[in-house]
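Contents: one structure, followed by commentary.
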Amino acid sequence: MHTQGEQTGSEKLLLFGAYKLNINLIVIGKLKEDYLKNACAEYIKRLGRYCTFELHELDECRLSDLPSEKEITAALKKEAAAIKKYVKGMIIPMCIEGQQLSSPELSEKIMSAGVNGQSAVTFIIGSSFGLDTEIKQMGQLKLSMSKMTFPHQLARVMLLEQVYRAFQIAGGGKYHK
């Protein structure tokens, strides 16, 4: 039950459903394995019911086999310059030092962006060396999936699933149990 003036998840979806929230995913690197491509494609298709979706796959800077800190820093700065061309709305860099949220908490963050007038939420997944400090500082929320380390290609699938789950939660769908 909700009091007057509050909206349920379904009503929140309707509030910005007329223009659909834009989910923007910026990733460094391309998917190589078909099973990961297929999983991402499935969640992107499912998300189409709830939002507009943009995927920006940016090239990873090539580094030597044993890169120095200076090389890594230069590569992250170059990747940051490319990332900044596509950021908009609420910016959420994915990083190990980020906050860990439950699925309902992530849903609330995404929905509040739409309700509060943001037309887009941008998630950013960096390279295996992470993200430049400047990109992290741009974020309104730094997000971590876990204290564990995952391959960045798998993290993309996991993030897409969680964004889909967030819309299901907000809409009162049966997907989240």
Side-chain angles (χ1 to χ4, degrees), residues 6-31 37 39-60 76-127 130-145 152-153 155-173 175-176:
E6 292 181 23
Q7 291 96 19
T8 64
S10 298
E11 290 167 337
K12 286 179 184 178
L13 280 175
L14 291 174
L15 279 174
F16 61 88
Y19 66 85
K20 281 193 175 182
L21 187 63
N22 182 292
I23 299 295
N24 193 24
L25 176 57
I26 303 170
V27 297
I28 301 296
K30 296 185 178 8
L31 292 177
K37 290 177 185 177
C40 286
E42 177 62 27
Y43 285 113
I44 290 168
K45 181 179 88 175
R46 290 181 187 190
L47 282 168
R49 178 175 175 207
Y50 301 103
C51 63
T52 57
F53 182 83
E54 295 177 35
L55 172 63
H56 303 281
E57 289 184 317
L58 308 178
D59 291 332
E60 185 172 0
L76 292 178
K77 289 202 177 303
K78 185 176 179 183
E79 291 169 355
I83 288 168
K84 289 193 299 187
K85 294 176 185 175
Y86 299 100
V87 295
K88 56 187 167 186
M90 180 181 187
I91 300 167
I92 304 176
M94 305 298 295
C95 48
I96 194 78
E97 69 273 18
Q99 184 179 358
Q100 293 180 26
L101 300 177
S102 67
S103 296
E105 289 169 333
L106 178 61
S107 178
E108 183 57 38
K109 295 283 187 189
I110 293 171
M111 297 311 120
S112 68
V115 171
N116 293 327
Q118 297 271 7
S119 62
V121 176
T122 298
F123 292 91
I124 306 168
I125 300 175
S127 68
L131 292 166
D132 186 66
T133 303
E134 181 182 10
I135 298 298
K136 293 178 189 180
Q137 289 173 346
M138 291 172 64
Q140 286 84 14
L141 167 68
K142 291 180 207 131
L143 186 62
S144 172
M145 293 185 153
H152 289 216
Q153 294 184 356
R156 187 188 310 192
V157 175
M158 293 167 58
L159 178 60
L160 287 170
E161 189 280 336
Q162 284 299 299
V163 172
Y164 173 71
R165 182 178 297 273
F167 280 102
Q168 281 286 310
I169 291 167
Y175 182 80
H176 179 74

Locate the shortest heavy-atom distance separating [X] from [Y]; write the atom from each residue and the value.
{"X": "Gly139", "Y": "Pro93", "answer": "CA-CD, 3.6 Å"}
{"X": "Ala155", "Y": "Met145", "answer": "O-CE, 3.4 Å"}
{"X": "Asn24", "Y": "Val87", "answer": "ND2-CA, 4.4 Å"}
{"X": "Leu21", "Y": "Cys51", "answer": "O-CB, 2.9 Å"}
{"X": "Gln140", "Y": "Gly89", "answer": "OE1-O, 4.0 Å"}

Not counting sequence neighbours, which residues clear ring-ring contact (aromatic ring centres under 6.0 Å, His included) with Tyr164? List them please.
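Listed in chain order: Tyr175.
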Just verifying a value: how many Å separate [X] [atom1] and [Y] [atom2], rounded to the nearest 0.5 Å?
{"X": "Phe123", "Y": "Leu143", "atom1": "CZ", "atom2": "CG", "value": "7.0 Å"}
{"X": "Met111", "Y": "Leu106", "atom1": "CE", "atom2": "CG", "value": "8.0 Å"}
{"X": "Phe167", "Y": "Ile23", "atom1": "CZ", "atom2": "CD1", "value": "4.0 Å"}
{"X": "Ile91", "Y": "Ile26", "atom1": "CD1", "atom2": "CD1", "value": "8.0 Å"}
{"X": "Leu76", "Y": "Leu131", "atom1": "CG", "atom2": "CG", "value": "7.5 Å"}
{"X": "Arg49", "Y": "Leu47", "atom1": "CZ", "atom2": "CG", "value": "11.5 Å"}

side-chain hydrogen bond (donor to acceptor under 3.5 Å, both in side chains) partners of [X], counting only residues at least two apart:
{"X": "Ser107", "value": "none"}
{"X": "Gln100", "value": "none"}
{"X": "Arg46", "value": "Glu42"}

Which residues pass the side chain to side chain contact (heavy atoms under 4.5 Å, CB included) test with [X], not counting sequence neighbours?
{"X": "Leu55", "answer": "Leu25, Val27, Phe53, Glu57, Arg156"}
{"X": "Ala39", "answer": "Val157"}
{"X": "Thr133", "answer": "Gln137"}

Please identify each residue that fulfils salt bridge (charged side-chain N to carboxylate O under 4.0 Å, His left out) with Lys136, with sequence neighbours left out.
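So Lys136 forms a salt bridge (charged side-chain N to carboxylate O under 4.0 Å, His left out) with Glu97.
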Only counting residues at least two apart or in another chain, list the ones meeting salt bridge (charged side-chain N to carboxylate O under 4.0 Å, His left out) with Glu161.
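Applying salt bridge (charged side-chain N to carboxylate O under 4.0 Å, His left out) to Glu161 gives Arg165.
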Within 6.0 angstrom of Lys45 NZ, more than 12 heavy atoms from elsewhere:
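No - once you tally the heavy atoms of other residues, nucleotides and ligands closer than 6.0 Å, there are 12 at most.
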Between Asn22 (side chain only) and Glu54 (backbone N and O only), is there a donor and an acceptor less than 3.5 Å apart?
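Absent.
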Strictly distance-based, threshold 3.5 Å: is any side-chain N or O of Gln99 a donor or acceptor partner for the main-chain N or O of Lys142?
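Pair absent, no side-chain N/O of Gln99 close to backbone of Lys142.
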Residues 77-85 side chain polar contacts: donor-acceptor under 3.5 Å, at least two apart:
from	atom 1	to	atom 2	distance (Å)
Lys77	NZ	Asp132	OD1	3.4
Glu79	OE1	Ser127	OG	3.4
Glu79	OE2	Cys61	N	3.0
Lys84	NZ	Glu134	OE1	3.4
Lys84	NZ	Glu134	OE2	2.8

Sub-4.5 Å side-chain heavy-atom contact between Val163 and Tyr50
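Result no, sub-4.5 Å side-chain heavy-atom pair not found.
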Could you note down all residue pairs passing ring-ring contact (aromatic ring centres under 6.0 Å, His included) where residues 89-111 supplies at least one of them, sequence neighbours left out?
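As it turns out, there is no ring-ring contact (aromatic ring centres under 6.0 Å, His included) pair with a partner in residues 89-111 once direct neighbours are skipped.
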